[in-house]
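Computed from a prediction, not measured in an experiment: that's the story for all the values here.
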Amino acid sequence: MKKLLLAASVCAVLGVSLFADDAKVLPEGVIRLTTAPTYAMINGTYDEDGKYEAYESKEGAIKAFNLGFALEYGVNDFISAAVQWAPGV
(Lines give C-alpha, C1' and ligand atoms only; values in the text may rest on other atoms or scores of the structure.)
Protein backbone atom coordinates (compact mmCIF):
# COMPACT_ATOMS: atom_id res chain seq x y z
CA MET A 1 0.00 0.00 0.00
CA LYS A 2 2.84 2.38 0.84
CA LYS A 3 4.51 1.70 -2.52
CA LEU A 4 1.26 2.41 -4.36
CA LEU A 5 0.77 5.68 -2.50
CA LEU A 6 4.36 6.71 -3.18
CA ALA A 7 4.05 5.85 -6.88
CA ALA A 8 0.80 7.83 -7.17
CA SER A 9 2.37 10.83 -5.44
CA VAL A 10 5.42 10.76 -7.71
CA CYS A 11 3.22 10.52 -10.82
CA ALA A 12 1.09 13.43 -9.62
CA VAL A 13 4.13 15.64 -8.99
CA LEU A 14 5.76 14.77 -12.31
CA GLY A 15 2.51 15.16 -14.19
CA VAL A 16 1.91 18.63 -12.81
CA SER A 17 5.41 19.80 -13.66
CA LEU A 18 5.42 18.29 -17.17
CA PHE A 19 1.95 19.35 -18.26
CA ALA A 20 1.39 22.65 -16.44
CA ASP A 21 -0.55 25.16 -18.55
CA ASP A 22 1.11 28.09 -16.82
CA ALA A 23 4.72 26.89 -16.90
CA LYS A 24 5.75 30.21 -18.49
CA VAL A 25 8.60 28.93 -20.59
CA LEU A 26 10.40 31.52 -22.65
CA PRO A 27 10.03 31.65 -26.44
CA GLU A 28 13.00 30.38 -28.44
CA GLY A 29 16.04 32.70 -28.33
CA VAL A 30 14.68 35.01 -25.59
CA ILE A 31 16.86 35.89 -22.58
CA ARG A 32 15.46 37.12 -19.26
CA LEU A 33 17.40 38.46 -16.26
CA THR A 34 15.53 38.55 -12.94
CA THR A 35 16.60 40.04 -9.61
CA ALA A 36 15.11 38.97 -6.29
CA PRO A 37 15.93 41.24 -3.33
CA THR A 38 15.13 39.88 0.15
CA TYR A 39 15.34 41.69 3.49
CA ALA A 40 14.96 39.96 6.87
CA MET A 41 14.97 41.30 10.43
CA ILE A 42 15.07 39.05 13.49
CA ASN A 43 13.52 40.52 16.65
CA GLY A 44 14.18 37.72 19.13
CA THR A 45 15.33 34.18 19.78
CA TYR A 46 14.14 30.95 21.40
CA ASP A 47 15.86 29.50 24.46
CA GLU A 48 16.53 25.80 25.14
CA ASP A 49 13.03 25.29 26.56
CA GLY A 50 11.36 26.76 23.47
CA LYS A 51 10.37 30.04 25.12
CA TYR A 52 10.58 33.14 22.92
CA GLU A 53 12.72 36.00 24.21
CA ALA A 54 12.46 39.34 22.42
CA TYR A 55 15.53 41.53 22.07
CA GLU A 56 15.42 44.84 23.91
CA SER A 57 15.93 46.85 20.75
CA LYS A 58 12.69 47.11 18.79
CA GLU A 59 14.62 47.51 15.52
CA GLY A 60 15.88 43.95 15.74
CA ALA A 61 19.26 42.55 16.57
CA ILE A 62 19.95 40.87 13.24
CA LYS A 63 19.28 42.39 9.84
CA ALA A 64 20.03 40.58 6.61
CA PHE A 65 19.83 41.63 2.98
CA ASN A 66 20.15 39.20 0.10
CA LEU A 67 20.14 40.02 -3.61
CA GLY A 68 19.71 37.04 -5.93
CA PHE A 69 19.85 36.83 -9.71
CA ALA A 70 18.42 34.45 -12.29
CA LEU A 71 19.41 34.29 -15.95
CA GLU A 72 17.02 32.34 -18.19
CA TYR A 73 17.24 31.41 -21.87
CA GLY A 74 14.57 29.93 -24.13
CA VAL A 75 16.20 26.91 -25.78
CA ASN A 76 13.06 26.27 -27.84
CA ASP A 77 9.35 26.95 -27.37
CA PHE A 78 9.06 24.11 -24.85
CA ILE A 79 12.35 24.23 -22.87
CA SER A 80 13.91 27.04 -20.84
CA ALA A 81 17.37 26.80 -19.26
CA ALA A 82 18.17 28.85 -16.16
CA VAL A 83 21.08 29.67 -13.87
CA GLN A 84 20.34 31.15 -10.43
CA TRP A 85 22.66 32.78 -7.90
CA ALA A 86 21.60 33.88 -4.41
CA PRO A 87 24.76 34.50 -2.38
CA GLY A 88 23.47 35.67 0.99
CA VAL A 89 25.03 38.65 2.73
Are I79 and I31 connected in a single hydrophobic cluster, I mean Ile/Leu/Val/Met/Phe/Trp/Tyr linked by side-chain heavy atoms less than 4.5 Å apart? yes

What orientation do F65 and Y39 show, parallel under 30°, tilted 30 to 60°, or perpendicular over 60°? tilted

ring-ring contact (aromatic ring centres under 6.0 Å, His included) involving Y52 - partner list, sequence neighbours excluded: Y46

Side chain to side chain contact (heavy atoms under 4.5 Å, CB included) filter on L33, not counting sequence neighbours, yields L71

Listed by chain and number, what are the side chain to side chain contact (heavy atoms under 4.5 Å, CB included) partners of D49, not counting sequence neighbours? D47

Take a 6.0 Å sphere around CZ of F78 and say whether it holds more than 12 heavy atoms from other residues, nucleotides or ligands. no

Does N76 use its side chain to pair, donor to acceptor, with the backbone of E28 at less than 3.5 Å? no

Of the non-hydrogen atoms in G74 and S80, which two are nearest, and what is the gap between them? CA-OG, 4.3 Å

Can you run down the salt bridge (charged side-chain N to carboxylate O under 4.0 Å, His left out) pairs that involve residues 64-74, sequence neighbours left out, and say none if there aren't any? R32-E72

Would you call N66 and P37 a side-chain contact if the rule is heavy atoms closer than 4.5 Å? no

